Engineer: 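So that we are looking at the same thing, I have put the structure below in structure tokens.
Letters A, B, ... mirror the listed sequences (proteins, then strands); counts begin at 1. All values below come from the heavy atoms of this structure, side chains included, with hydrogens, waters and symmetry mates left out. Keep in mind that what you see is a predicted model, and the values were worked out from it rather than measured.
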Amino acid sequence: MNMSSLVRTGAGILMPFLLVFGFYIVLHGHLTPGGGFQGGAVIATAFVLLMVAYSYEIIWERISLEFLKNTETLGLMLFILTALIALVAGLAFFGNWLLGAGGLFGTPVSYGINPGDLNTGGVIPILNIAVGLDVLGAMSVIILTMLFAVRRDA
Amino acid sequence: MKKVLTWIFVAVFAASLLLCAAGLEFGAPAYRDMDDYMIAHGQEETGANNIVTAVVFDYRGFDTLGEATVLFTAVLGIGLVLRTLAMEDEEYEYE
């Protein structure tokens with residue numbers, strides 16, 4: 001079942017913007033409102049928009065369920081691994097072992113009210129990305145699988 | 001009769017809730033030591049400008065871990081319950 005070409009064109013135009021917006025929310029989780037969970041939900045919404053606009057079979061050919069499941073597992077493993085490395089660094093579980101260490105996300109944060117720098121936050125951006133991958137995979141898998149059951153009954 | 005009873009119940013319920021809320025002072029929580037501490041020390045302790053993210057991913061990291069696990073369990077359950085449907089459908093295609 002295809003929607004009208006107006007809906008399909010609109011979905012095609014909106015899709016990249018939704019993806020960019022979702023990844024922006026995930027990456028800037030330690031600076032602006034939002035974070036991994038919200039950004040992952042926005043990205044999953046982009047996939048749902050494609051599912052609504054286009055025929056079901058086309059989506060199944062383009063987006064592999066295995067890929068989404070692997071994304072979900074990868075996110076969860078990255079999350080736990082980042083938390084575990086803190087133990088190696090001599091901190092508590094979930095300790096911020098990258099804070100102020102230089103390099104990726106390691107710039108010391110300037111105190112007080114400031115617009116913020118993307119390259120700060122230590123492990124918090126990494127945890128944000130991990131949760132974003134987790135939520136993106138999980139929500140997409142749940143919606144895709146439920147849609148599969150709905151289509152079978154119809 | 002049933003409809004009238006429903007509306008009476010809703011009215012009583014809403015009135016009791018509003019009565020409780022009427023005595024509250026909004027914007028002035030009684031216990032705010034934790035809030036003040038996080039706002040004062042959040043940036044230097046976690047390195048995040050966003051206090052909400054600092055709370056969710058640093059002060060209460062275990063909570064976020066549990067949330068991620070809940071999502072994983074949901075996917076696991078969905079896969080277990082609906083997997084047979086998907087496999088049956090594939091068999092139909094092969095016939």
Engineer: So which residue, A:Asn128, A:Thr120, A:Ile142, ends up with the most heavy-atom pairs under 4.5 Å with chain B?
Structural biologist: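 The candidate making the most pairs under 4.5 Å is A:Asn128.
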
Engineer: What residue in B:Ala68, B:Ala74, B:Ala54, B:Ala48 has the most heavy-atom pairs under 4.5 Å with chain A?
Structural biologist: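 Counting heavy-atom pairs under 4.5 Å, the top option is B:Ala68.
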
Engineer: Side chain, backbone, both or neither: which part of A:Val135 has a heavy atom under 4.5 Å from chain B?
Structural biologist: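 The answer is both parts of A:Val135.
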
Engineer: Minimum heavy-atom separation for A:Leu127 and B:Phe57, please, with both atom names.
Structural biologist: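 That closest heavy-atom pairing would be CB-CD2, 3.6 Å.
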
Engineer: What part of A:Phe79 lies closer than 4.5 angstrom to a heavy atom of chain B: side chain, backbone, both or neither?
Structural biologist: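 Side chain only.
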
Engineer: With side chain to side chain contact (heavy atoms under 4.5 Å, CB included) as the criterion, how do A:Leu136 and A:Glu72 come out once you've worked through the C-alpha distance, each side chain's angles and the decisive distance to 0.1 Å?
Structural biologist: CA-CA 7 Å; A:Leu136 143 73; A:Glu72 206 255 339; over 6 Å; no

Engineer: Sort A:Phe105 into side chain, backbone, both or neither according to what part of it lies under 4.5 angstrom from a heavy atom of chain B.
Structural biologist: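 Looking at A:Phe105, nothing touches chain B.
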
Engineer: Is the backbone N or O of B:Asn50 less than 3.5 Å from a side-chain atom of A:His30, with the two atoms forming a donor-acceptor pair by type?
Structural biologist: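 No, the answer is negative, given that no donor and acceptor are paired below the 3.5 Å cut-off.
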
Engineer: Tell me, yes or no, whether the heavy-atom count around A:Ile113 atom CD1, taken from other residues, nucleotides or ligands under 6.0 Å, exceeds 12.
Structural biologist: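 12 or below, so no.
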
Engineer: Can you confirm whether A:Val131 sits close enough to B:Thr64 that some side-chain heavy atom of one is under 4.5 Å from a side-chain heavy atom of the other?
Structural biologist: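 A side-chain contact under 4.5 Å exists here.
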
Engineer: Using a cut-off of under 4.5 Å on heavy-atom pairs, state which of A:Thr73, A:Asn114, A:Ile80, A:Val141 scores highest against chain B.
Structural biologist: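 When all of A:Thr73, A:Asn114, A:Ile80, A:Val141 are compared, A:Asn114 has the most.
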
Engineer: Any idea which of B:Ile51, B:Leu65, B:Val52, B:Asp58 has the most non-hydrogen atom pairs under 4.5 angstrom with chain A?
Structural biologist: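 Between B:Ile51, B:Leu65, B:Val52, B:Asp58, the count favours B:Leu65.
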
Engineer: What distance do A:Met15 atom CE and A:Tyr54 atom OH have between them, rounded to the nearest 0.5 Å?
Structural biologist: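 Answer rounded to 0.5 Å: 10.0 Å.
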
Engineer: Flag the pair A:Asn96 / A:Ile124 as yes when at least one side-chain heavy-atom distance between them is below 4.5 Å, and no otherwise.
Structural biologist: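 Sidechains of A:Ile124 and A:Asn96: in contact.
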
Engineer: Between B:Lys2 and B:Trp7, is there a side-chain heavy-atom distance shorter than 4.5 Å?
Structural biologist: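 No, their side chains stay 4.5 Å or more apart.
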
Engineer: Start with the C-alpha distance between A:Val7 and A:Ser4, add both sets of side-chain angles, then the distance that settles side chain to side chain contact (heavy atoms under 4.5 Å, CB included), and finish with yes or no.
Structural biologist: CA-CA 5 Å; A:Val7 175; A:Ser4 69; 3.6 Å; yes

Engineer: Using a 4.5 Å heavy-atom cutoff, which residues in residues 86-94 of chain A come close to chain B?
Structural biologist: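 Under the 4.5 Å heavy-atom cut-off, A:Phe93, A:Phe94 qualify.
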
Engineer: Quick one: what part of B:Glu45 sits under 4.5 Å from any heavy atom of chain A, side chain, backbone, both or neither?
Structural biologist: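 B:Glu45 touches chain A through backbone heavy atoms alone.
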
Engineer: Mind running side chain to side chain contact (heavy atoms under 4.5 Å, CB included) on A:Thr32 and A:Tyr24 for me, showing each step along the way?
Structural biologist: CA-CA 10 Å; A:Thr32 56; A:Tyr24 160 77; 3.9 Å; yes

Engineer: Which atoms of A:Leu98 come close to chain B, meaning under 4.5 Å heavy atom to heavy atom: side chain ones, backbone ones, both, or neither?
Structural biologist: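 When you check distances to chain B, no heavy atom of A:Leu98 falls under 4.5 Å.
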
